[in-house]
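By convention in this document, chain letters (A, B, ...) are assigned in the order of the sequence lines, proteins followed by strands, and residues within each chain are numbered from 1.
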Amino acid sequence: MARESSAASGDESKLLADLTADQQAAVVHGTGPLLILAAAGSGKTRVITRRVAYLLSQGIRASNILAITFTNKAAGEMRRRVDQLVPGNRVTITTFHSLGARLLRQYADRLKMDPNFTIYDTTDRNKLIKDALDLAGLDNVKFTPDRIGGGISKAKNQLLTPDRFQATSADYFTQVVARIYAIYEKRLRDANAVDFDDLLYLPALALKHDEELRAELDSRYQYILIDEYQDTNHAQYELVRRLARDYDHLCVVGDPDQSIYGWRGSNIRNILDFERDYPEATVITLDRNYRSTPNILAAAGHLIEHNVHRKQKSLLTDNPPGDPVRILTFDTGLDEAELVVERIRREVLDGKARYRDHAIFLRINALSRSLESAFVKHGVPFQIVKGLAFFDRKENRDLLAYLRLLVNPQDDLSFQRVVNEPPRGIGAKSIEHLKAYAEDRQISLLAAAGDVLKIPAIKGKAAAGLRDFHQLMTGLRSWLEQPPDVVIREVIDRSGYRAMLKAGDEDDQERLANIEEMITAAQQFAQEDPTRTLGNFLEQITLASDVDSWDEQQDCVSVMTLHAAKGLEFPIVYMLAMEQGLLPHERSLAKDEEIEEERRLCFVGMTRAMRQLNLCHAKLREFRGQALYTVPSMFLDELPKVPTTIERVDLSGRNAYGAAMDAWRRGGSPAAEGGWDDTGVRGRSSGSPGAGGGGYGSPIRPTPRPVVHSDDDEVQYRPGMIVEHETYGRGKITDISGYGAMRRMKIRFVTAGEKVFVAQKAKLRILSVPD
DNA sequence: AAATACATAATTTTT
DNA sequence: TTATGTATTT
């Protein structure tokens, strides 16, 4: 592959200098397939990055290189690092889904698609399926949109068209899925929309059926690098296989022990069978760990040994031993949150670490609530890494629906969402008629709305409303070429959405502020690259992942799910709620395979820790309003028994009710006593404590939640004030504008950066007043 | 057609 | 605890 030697040897040695022999071998590997089995913390990102740079240094054209990562965040990070090594390169670094979307838009003509298609997320998908279920007259009690959707997703992952899927469906459930799949697919196409799976499914099928296109892309992407290969699914596998036939310089990197997306269709066999699929493949194993202490690795290694379906492999490191891994026991989930936050605070006050050195991992997002209040209470800066929350708010979804409909007039789902928002006198009946009319003529709902005067069944207010709505959208179309933020402003003004909120109560004011924030986001998006369109903005939002919203610059504690933590590292890690039913999650307890995946998830979390790892569990956890006794995670019992490696710290029974709880528990709930019961289900507090309570009063009353808000509405805020917000903690008012309900203030938070609030609505406590 | 009140159901992980 | 859907009223 060495073209003439523009390969400056100086560059080359710089690229290899601080790498081990194995890592170097991976970086300089020449042509043909390459499998890099990279254990946790073995520096794989570094290897991929260097390899991209190395390929460039060898004269490989940037346009011939394709690097695929798991999240946009990871793509951005790799982009940054490659750019540092080779400034101004034009290597394609992206995710599978973004690549799919790009290919679909680029080759829309050839694929007989409209390039302005909308990408439907899971919520949209489920709505469409619900409609299809209603249409098919199936009671959606047993066939929930979610389950059917999962079935369809699986089918698409296997690259099965509705017809092919129908042919292979054996049992009743799959037959129903097949039926709905066919209807759903037609609805999608009619709406000029694709779902997440389509972003892989459609390109994969295109490459399968269009040899010319396949060959073209194969030769364009001659050098392909794929990170997190253990989490690829069948569609991705097929896609890659077809892109790497004539030019098989395919480098995949992964670790079977970190495969945690089986539930989403990823197939661990992709990596395990790589050598079978590519017999010419070179295999390089990176098993030296540069991240964690031997104790952490011993603990994680001992745990993962319990997986039966696994290639034996050990984690090695030269790092000094460090602290033992700690198992922390608390009374309640609230205690857990409080004390963990306190410990972190102490660590920082003692100057042993910064806030940003700490991360807290959770199995499920719902667990983050109690943490939030604990952080605020102790004034510890934090960020909860959960990306889509902001765009999931009703007002933002409404706005996005308007924008989608604007870009893609065929998007019937978005049409239905906003046609009567704000109210235009268009009710369910009118929509029924409109749908019937559109169905007959095979036109979109928006087009049908343009014909409303020809539909005799719709009259009066509804007819006028539909006509107005059609005119509104037609009028707005001319704004499409404008920058995203300009379009958004026009939409909220002309649609009456702004007016609707302006007239409303204080909740509406907050909604308005959210919309303003969205405009700011769009503005920033356009500023980064002026060629970006509204369509780009919409796509970016839908394809954003949770970690994408993570800001590693801030000095604050990061809270995230175990899934989001993949690929990251932190000096000090806390894993919370390590209890049977949560980790492993109860929905995975029935199948050994799924428990193994949970164990890998646990392994992933543990191996994120660099120097300190704390595994936490509480005896009592509040869940869905009521308190449940817990059973410690089976994984805690699968750790080494060596006391120098694992240290147990019991922080329970420190307060009155903690002691009472233990007493009550001994008397009142024998099922939950010691270990976990053989069903593996979490212990359950059964109704009233009865006589076992022993005079301590109600033992399961949790400590009251701290409430932080202003005393009255007449608070006079002023710039320079230091205030405390329920969610974001401490901040300083930097700017105030507007009056009455429209009065807004800008607050710069220690944690969350600058945010805008509606003065009347914001719940703030004033901490200090400037002179 | 729209707003309100009430019941009830459900909660993994995510591109 | 929360969100969602259904029934009831205006």
Without decimals, in angstroms, what is the distance between Phe70(A) CZ and dT14(B) C1'?
8 Å

Ser588(A) side chain N/O closer than 4.0 Å to the phosphate oxygens (OP1, OP2) of dT13(B)?
no

Is the shortest side-chain N/O distance from Arg587(A) to OP1 or OP2 of dT12(B) below 4.0 Å?
yes

Check nucleotides 2-10 of chain B for protein N or O atoms closer than 3.5 Å to its own N or O atoms and list the pairs.
{"from": "dA2(B)", "atom 1": "OP1", "to": "Gly425(A)", "atom 2": "N", "distance (Å)": "3.0"}
{"from": "dA2(B)", "atom 1": "OP2", "to": "Asn420(A)", "atom 2": "ND2", "distance (Å)": "2.9"}

Could you state the NZ-C1' distance from Lys459(A) to dA1(B), rounded to the nearest angstrom?
14 Å

Nearest-Å distance for atom pair CZ/C1', residues Arg600(A) and dT12(B)
16 Å

Look at the side chain of Arg369(A) and decide which nucleotide, out of dT13(B), dA1(B), dT2(C), has an atom nearest to it.
dT2(C)

Heavy atoms from C-beta onward define the side chain here; which of dT14(B), dG5(C), dT13(B) lies closest to that of Lys130(A)?
dG5(C)

Considering only the C1' atoms, how many Å lie between dT13(B) and dT4(C), rounded to the nearest integer?
22 Å

Rounded to the nearest angstrom, tell me the gap between atom CD1 in Ile364(A) and atom P in dT14(B).
11 Å

Stepwise salt bridge (charged side-chain N to carboxylate O under 4.0 Å, His left out) check, Asp134(A) with Lys130(A)
CA-CA 6 Å; Asp134(A) 290 346; Lys130(A) 193 178 178 311; 3.7 Å; yes

With a centroid cutoff of 5.5 Å and a plane-angle limit of 30°, would you call Trp263(A) stacked on dT13(B)?
yes

Report yes or no: is the cationic atom of Lys566(A) (NZ for Lys, CZ for Arg) closer than 6.0 Å to the six-membered ring centre of Phe70(A), at no more than 45° off its axis?
yes

Is there a donor in the side chain of Asp146(A) and an acceptor in the side chain of Asn126(A), or the other way round, less than 3.5 Å apart?
yes

Under 3.5 Å, is there a donor on one side chain and an acceptor on the other for Asn233(A) and Ser266(A)?
no

Closest-nucleotide mapping onto DNA chain B: is Ala428(A) or Ile260(A) further toward the 5' terminus? I mean the 5' end.
Ala428(A)

Side-chain N or O of Asn365(A) less than 4.0 angstrom from OP1 or OP2 on dT13(B)?
yes

For Tyr261(A), which residues count as a side chain to side chain donor-acceptor pair (under 3.5 Å) partner, sequence neighbours excluded?
none

Where does DNA chain B pair, written as one dot-bracket string 5' to 3', with Watson-Crick or G-U pairs under 3.5 Å, ( ) inside the strand, [ ] for crossing pairs and | for another strand?
||||||||||.....

May His563(A) be described as stacking on the base of dT13(B), applying a 5.5 Å centroid limit and a 30° limit on plane angle?
no

Side chain to side chain donor-acceptor pair (under 3.5 Å) filter on Arg397(A), not counting sequence neighbours, yields Asp121(A), Asp124(A), Asp392(A)

Touch class at under 4.0 angstrom, heavy-atom based, for Phe96(A) against every strand present:
nothing

Grab the CZ-P distance between Phe196(A) and dT14(B) for me, whole Å please.
12 Å

Considering only the C1' atoms, how many Å lie between dT12(B) and dG5(C), rounded to the nearest integer?
24 Å

Those residues at least two apart in sequence (or on a different chain) that pass side chain to side chain donor-acceptor pair (under 3.5 Å) with Glu395(A) are Arg393(A), Asn514(A)

Please, which pairs that meet salt bridge (charged side-chain N to carboxylate O under 4.0 Å, His left out) have at least one residue in residues 413-431 of chain A, sequence neighbours excluded?
Lys394(A)-Glu421(A), Asp398(A)-Arg417(A)

So what does Asn72(A) touch, heavy atoms closer than 4.0 Å: a base, only the sugar-phosphate, or nothing?
nothing

In Å and rounded to the nearest 0.5 Å, what is the CG to CG distance from Leu104(A) to Leu99(A)?
9.5 Å

So, OP1 or OP2 of dT12(B): does either fall under 4.0 Å of a side-chain N or O from Thr561(A)?
no

So if I apply the side chain to side chain contact (heavy atoms under 4.5 Å, CB included) rule between Val253(A) and each of Ile271(A), Thr45(A), Leu225(A), Asp227(A), which one comes out positive?
Asp227(A)

Is Ser430(A) touching bases, backbone alone, or none of the nucleic acid, heavy atoms closer than 4.0 Å?
sugar-phosphate

Separation of Leu589(A) atom CG from dT12(B) atom P, in whole Å?
13 Å

